[in-house]
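One structure is given below, encoded as structure tokens.
Naming: A, B, ... by sequence-line order, numbering from 1 per chain. Note that this is a predicted model, so its numbers are computed, not measured.
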Amino acid sequence: MVLKLSTTFLRTLREDPVDAEVASHKLLVRAGYIRRAAPGIYTWLPLGLKVLARVEAIVREEMNAIGGQEVHFPALLPRDPYEQTGRWTEYGEGLFRLKDRKDADYLLAPTHEEMFTLLVKDLYNSYKDLPVYLYQIQNKYRDEARPRAGLLRGREFIMKDSYSFNIDDEGLDEAYMAHRGAYLKIFERLGLEVIPVFAQAGAMGGSKSEEFLHPTAIGEDTFVRSAGGYAANVEAVTTVVPASIDYANAPAFEVVDTPDTPTIETLVAAANELRPRESGAWEAKDTLKNVVLAVTDPEGNRQLVVIGVPGDRQVDLKRVEATVGAPLGIIGEVQVEAASGEDLAKHPELIAGYIGPGNGLDQAVLGTEGTSGITYLVDPRVVSGTSWITGANEKGKHVFGLVAERDFGFDGTIESVNVLEGDPAPDGSGPLRTERGIEMGHIFQLGRKYAEALDLRVLDQNGKLKVVTMGSYGIGVTRAVAALAEAYHDENGLAWPKQVAPADVHMVVTGKGPELLEAAEKLASELESAGLEVILDDRPKVSAGVKFSDAELIGIPTIVVVGRGLAEGVVEVKDRATGERRDVKVEDVVAELSA
RNA sequence: CGGGAUAUAGCGCAGCUUGGUAGCGCGCGUCGUUCGGGACGACGAGGUCGCAGGUUCGAAUCCUGUUAUCCCGACCA
């Protein structure tokens, strides 16, 4: 059916909505694709639904192609499964919670790991049933602290989420790679550039994880990439460990009076004044900053840890939370915060601004072997033989030329700091630069976290119960629509790539006279017969100028103008994206456009 | 949760300083003219001025409280 604009539920706006900041939001509202219903919650109008359906269709085809089977869960779910995995609590305020008339707790699902796991447990119990890949395209709900940028970060959004169930790790690897391949195909077909970047699995549990980021200046995620092709989320970059340095000829360390130098900045200035270096001025990266943190384990036990990092780096507490468990031998999630004044008061040997590992191996302060007894972890850049300016554990004094291994030891190394522009890529592919991106998809090897929590086990070849291993894989479908609008627009409006456009041809009728409309309707139905979807702007009493600008705002790839040329037997065919226009004989239009 | 701003017709805004019962542009309706780049004229419909209290003869305007929304940050598969 030709979609006639005269009867389509559509109102385009001349002005940008005042609450919209990013182009995709402004244009999708102005062109009549979506309307805001509540903060971060949007209504889809007819044109918007068509785009959404086309995006979903591509996702569906590629998921089916790797053997995915589509199911559909409710968005409204009972509390119990989420209680079993701990996420009822862990999700905190991000979860929409509600009660039924009997006062029982329900939630609007933020993601469906639990339900998929339970569904498989419900129906399957043998290794012979595996592997199985299930997916759905469904609404998710997250009570974001601050929804923003229209469809890009909403509180209700459509996600394709799939889950793989395998009997062993090899199977999980296969499932993961199959999804990875499908995702690359999906984004390629959508016309959305994405970069798979290494990510930290974090709260989702599991091990291997990659995000698919669409690079754009308005992206909320920062990632790094090298010219040689390395790409990673900033939290997941591993530090390149420098080679050890031979310290046989290194000068002995020296304790220097450095009054009023409690910060790295003041210390660097003092160093250049008191002990200028011939090979160039001292910099922040020549100092060793020792940060005292308080780590709380899942049982609530609090302990202090000192992390030594080059002075030009910032310790990232989120990163420490993810990495500090292993060296401390803590299993489970830990909480990390800066040590309080109370914590420090218990350790008078730690003098704020002048903390150091100790002046010489025989005078160790930091470390389980030191006088403080506090675990001392250092950045991987602190390798044997590196020489540092650091605190001398005495107010107003620093020690210069303190050499790792010769003069101080530590209990282990830890990835704890931010990445800086220019850092080397871990795979040797060159210096890293930072970029912004939108997270379009995320794939995880969940492993057995959910299967264990919900007791999903099947019998193996030996008749023994075995915990199933899982992967979870998400694509933000709503977000993909927004990202496409973001990537494909110009100052006049949207300009969809044809595979996701709400139609193939936007036909505009200009001028008066019944023969023009009749000719347009005839041509439109011929195009439809040839398999093209047509929107026909047959609105009476609407000026040509309005129709032209609406056509450009709406952004269908091909615009056909039936007007004054008809007398000579031609219509104008215009490419929305390039602006190129040419006259085509009426009888040739179908052949040209369906080519 | 911290900081900033806003709330008046479907949309975008003015009016508030100095209180006197609401206005502009777009959009919408009718009629006429116009008809290939956001046309013109005439007439018209549409608003408890976010909400609640207070001051006042009288409140969109002043005072108090409250709610909502947007932006920046924190947070975020």
Please classify the nucleic acid contact of [X] as base, sugar-phosphate, or nothing, using heavy-atom distances under 4.0 Å.
| X | result |
| --- | --- |
| A:G511 | sugar-phosphate |
| A:R30 | base |
| A:F157 | base |
| A:E439 | sugar-phosphate |
| A:V561 | base |
| A:V546 | base |

Atom [atom1] of [X] and atom [atom2] of [N]: how far apart are they, to the nearest Å?
| X | N | atom1 | atom2 | result |
| --- | --- | --- | --- | --- |
| A:L13 | B:G27 | CG | P | 12 Å |
| A:K574 | B:G36 | NZ | P | 16 Å |
| A:E220 | B:C72 | CD | C1' | 13 Å |
| A:D537 | B:G37 | CG | P | 15 Å |
| A:Y141 | B:A77 | OH | P | 20 Å |
| A:D550 | B:C26 | CG | C1' | 13 Å |
| A:K26 | B:C70 | NZ | C1' | 13 Å |
| A:E15 | B:C24 | CD | P | 17 Å |

Identity of whatever pairs with [N] - Watson-Crick or G-U, under 3.5 angstrom:
| N | answer |
| --- | --- |
| B:G73 | B:C1 |
| B:A60 | none |
| B:U6 | B:A68 |
| B:C13 | B:G23 |
| B:C43 | B:G29 |
| B:C49 | none |

Quick check: any donor-acceptor pair below 3.5 Å linking the side-chain of [X] to the base of [N]?
| X | N | result |
| --- | --- | --- |
| A:R11 | B:C11 | no |
| A:R581 | B:G37 | yes |
| A:E552 | B:G37 | yes |

- Tell me, do A:L47 and A:I535 make a side-chain contact under 4.5 Å, heavy atoms counted? yes

- Mind checking whether A:T111 and A:R142 have side chains closer than 4.5 Å, heavy atoms only? yes

- Item | Heavy-atom donor-acceptor pair, A:R225 side chain to A:T434 backbone, under 3.5 Å | no

For the side chain of [X], starting at C-beta, report the closest nucleotide among [options].
| X | options | answer |
| --- | --- | --- |
| A:F548 | B:C70, B:G36, B:C35 | B:G36 |
| A:T510 | B:C35, B:G36, B:G12 | B:G36 |
| A:S549 | B:A77, B:G38, B:G12 | B:G38 |

- Audit row: A:H179, A:Y163, ring pair (Phe, Tyr, Trp, His ring centres under 6.0 Å) steps and yes/no: CA-CA 10 Å; A:H179 279 84; A:Y163 304 84; 9.2 Å; no

- Message: Let me spell it out: for each of A:P39 and A:E572, pick the nucleotide of RNA chain B with the closest heavy atom. Which residue's pick is nearer the 5' end?
- Response: A:E572

- Message: Both A:T12 and A:D16 contact RNA chain B. Taking the nearest nucleotide for each, which residue is further toward the 5' end?
- Response: A:D16

- Under 4.0 angstrom between A:R14 side-chain N/O and B:G27 OP1 or OP2: yes

- Query: Is the distance from OP1 or OP2 of B:C35 to the nearest side-chain N or O of A:S543 less than 4.0 Å?
  - Reply: no

- Query: Can you tell me how far P in B:C51 sits from the matching atom in B:A7, rounded to whole Å?
  - Reply: 13 Å

- Over 60° means perpendicular and under 30° means parallel, so classify the ring planes of A:F444 and A:H442, tilted if in between. parallel

- Does A:W496 have A:R576 sitting over its ring (NZ/CZ under 6.0 Å from centre, angle to axis within 45°)? no

- Taking atom types as modelled, is there a side-chain donor on A:E211 or A:S209 under 3.5 Å from an acceptor on the other? no

